[in-house]
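Okay, so here's the structure we're looking at.
Since this is a predicted model, take the numbers as computed values, not measurements. Chain naming here is simple, since letters A, B, ... match the order of the sequence lines and numbering starts at 1 in each. The basis for the numbers below is simple: all heavy atoms, side chains too, and nothing from hydrogens, waters or symmetry mates.
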Amino acid sequence: MSKTLPTSDEQGKGASRRDFLKWSGAAVAVSLTPSVVTRAAGERADETIAGFFEKMPLKLEVNGKLHQLQVEPRTTLLDLLREQIGLTGTKKGCDQGQCGACTVHVNGRRINSCLSLAVMNEGQKITTIEGLAKGDELHPLQEAFIKHDAFQCGYCTPGQIMSGVACINEGHAGSADEIREFMSGNLCRCGAYPHIVDAILETKKGGNNL
Amino acid sequence: MINFDYLRTASVNATLDAIKREPRAAFIAGGTNLVDLMKRGVTSPPRLIDINNLPLKNIERTSSGISIGALATNSAVAINEMIRSDFPLLSQALHAGASPQLRNMATVGGNMLQRTRCTYFYDTTMPCNKRQAGSGCGALGGYNRMHAIFGASDKCIAVHPSDMCVALVALNATAVVRSNKGERRIPFGDFHRLPGDTPQTDNQLKAGELITAVEIPSNKFQQHSFYLKIRDRSSYAFALVSVAVALSIENNRISDARIAAGGVAHKPWRLLNVEKALTGQPASVETFQKAASIATQGAKGYGQNNFKLKLLPQAIIQALETASS
């Protein structure tokens with residue numbers, strides 16, 4: 001397998017992957033207007049590329065804070081959040097998209113972060129469980145989870161709450177049945193489902209601005 | 001996960017160039033199936049081509065129906081107003097699949113290309129002709145409760161897991177694919193293939209081709225469409241059997257009928273014989289029962305999945321009753 005990969009631009013217009021990595025590397029090294037540098041690279045290249053063991057630059061916003069990072073392409077968004085950024089609220093359950101413990105919002109939409117490569121989230125706005133509270137003031141659904149005792153061991157809870165917030169915002173929390181259907185991507189092995197549904201129903205009825 | 005080169009393209013032409021340079025590369029869009037398979041070592045492409053920036057997300061009316069970009073997400077299609085009003089069967093089928101999180105990631109093109117969920121395909125310590133040609137089929141004499149009753153071979157009895165594709169084959173959709181040689185259109189019923197002696201190949205896509213859109217012709221099925229999915233739990237599970245029904249009823253007589261089944265074959269399975277038995281007949285339970293009774297002609301069970309031979313006709317009757325009411 002070739003380690004240096006020709007891009008169409010190397011064959012054509014002249015801007016190369018090596019140049020691209022150099023610009024991005026410089027951006028990280030001196031922390032000077034990285035967005036401008038990265039955008040310039042993007043405009044000059046029809047393709048962005050990282051080789052087999054190379055890290056590539058990644059810029060994304062997590063809970064309102066901009067991060068400029070270097071990641072291996074195989075790093076999932078989940079591992080990036082937990083291992084590189086240090087936000088361990090998002091949990092790794094099955095790590096294969098079956099349990100929902102890793103649920104986060106990307107541009108306001110809930111996804112399984114274990115099945116999303118970090119590099120696929122360039123320029124996106126990520127919200128994790130740590131981003132819901134406003135200072136010491138918990139999010140209404142967090143309050144409702146406590147009030148309704150909507151968890152036992154708590155491992156699935158961050159994913160349940162992120163999914164629950166999205167469920168309400170999507171307009172899919174109209175009834176207990178609808179909530180059960182649209183929360184089906186979040187498993188709870190302790191079986192706290194009835195209380196989770198209660199917490200979401202109450203938060204929805206409370207009409208809080210989520 | 002075994003490492004790989006990563007390439008992010010910004011245009012269809014750059015993508016087609018990229019796949020030509022490295023034919024072993026895989027396109028990645030939502031990643032909900034591919035990343036899973038790569039983590040488990042079922043597949044390990046040397047390069048991923050990230051196509052998420054391509055302008056293929058639009059859902060547009062055309063002179064003959066609707067065109068859905070290959071990168072439109074499952075949730076975007078399911079909640080789209082035009083889809084819900086004109087093609088409710090597709091919206092229902094999409095909502096029956098996966099979870100809200102996965103539907104937010106998964107795309108139309110990716111849904112078409114998802115691999116079987118046969119446990120022998122996923123377990124790399126087991127034989128599987130689809131994963132490793134010539135290694136045998138573990139499911140034939142093994143755990144085959146989820147497996148095919150139509151069109152299987154002695155090399156593979158796996159089923160295609162999609163719900164969306166079952167609705168699309170019933171709606172006579174067309175897949176639009178592009179390569180450096182140009183564009184071609186594949187009728188949806190021909191897109192996926194039967195396993196035969198080469199179960200490693202799921203569909204008719206050729207090397208270097210990219211799905212760009214799915215087109216659905218206009219129809220008169222809005223009032224009488226239903227997608228019934230039967231599974232081991234009430235949500236978030238693959239189908240044991242699913243049935244997509246679309247009827248056009250005039251003066252209580254069925255003027256046009258489409259029926260397709262999921263969870264029963266290596267491809268979404270159109271039941272043309274049942275459609276024929278319904279067309280021109282009164283929309284009655286008797287008609288539905290008679291038509292459903294021939295649904296399993298040519299079907300074969302493999303032991304644990306014999307129940308599907310009884311479940312499918314019952315599911316067809318129930319779906320027809322719901323759709324016609």
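- B/Asn52 is listed as a side-chain neighbour of A/Met120, based on a closest heavy-atom distance under 4.5 Å.
- Between A/Arg109 and B/Thr73, the shortest heavy-atom distance links the atoms NH1-OG1, 3.8 Å.
- Proximity of A/His172 to B/Pro100: side-chain heavy atoms (C-beta onward) are nowhere separated by under 4.5 Å.
- Side chains of B/Leu48 and A/Leu117 form a contact here, defined as non-hydrogen atoms less than 4.5 Å apart.
- Here the options are B/Val35, B/Asp36, B/Leu102, B/Thr32, the test is side-chain contact (heavy atoms from CB on, under 4.5 Å), and the partner is A/Asn112; only B/Leu102 passes.
- For chain B, the nearby parts of A/Cys114 are the backbone and the side chain; heavy atoms of each come within less than 4.5 Å.
- With a threshold of 4.5 angstrom between heavy atoms, A/Thr103 approaches chain B through side-chain atoms but not through N, CA, C or O.
- Residue contact with chain A, scored on non-hydrogen atoms closer than 4.5 Å, is absent for B/Ile49.
- Using a 4.5 Å cut-off between heavy atoms, B/Ser234 contacts chain A through its backbone alone, with no side-chain atom that close.
- Remark: B/Gln101 CD to A/Cys102 SG distance equals 8.0 Å, nearest 0.5 Å.
- Shown here is B/Ile2, whose CD1 atom has no more than 12 heavy atoms of other residues, nucleotides or ligands within 6.0 Å.
- Applying the 6.0 Å contact sphere to CZ of A/Arg180 captures more than 12 heavy atoms from other residues, nucleotides or ligands.
- Within the 4.5 angstrom heavy-atom criterion, atoms from both the backbone and the side chain of A/Gln98 approach chain B.
- From B/Asn3, atom CG reaches atom OG1 of A/Thr75 across 8.5 Å, with rounding to the nearest 0.5 Å.
- Contact check for A/Phe182 versus B/His95: side-chain heavy atoms found under the 4.5 Å cut-off.
- Looking at B/Leu34, there are no atoms closer than 4.5 Å to chain A (heavy atoms on both sides), in backbone or side chain.
- Looking at A/Met56 and B/Arg8, their side chains come closer than 4.5 Å, going by heavy atoms from C-beta outward.
- Using a 4.5 Å cut-off between heavy atoms, B/Ala29 touches chain A through its backbone atoms (N, CA, C, O) alone.
- A side-chain contact (heavy atoms from CB on, under 4.5 Å) with A/Arg74 holds for exactly one of B/Met38, B/Lys39, B/Met1; it is B/Met1.
- Put simply, the side chain of A/Met183 does not reach to within 4.5 Å of the side chain of B/Ser99, judged on heavy atoms.
- A 4.5 Å side-chain heavy-atom check between A/Glu170 and B/Asn104 finds at least one atom pair inside the cut-off.
- Annotation for A/Ser184 and B/Tyr236: closest pair O-CD2, 2.8 Å, computed over non-hydrogen atoms.
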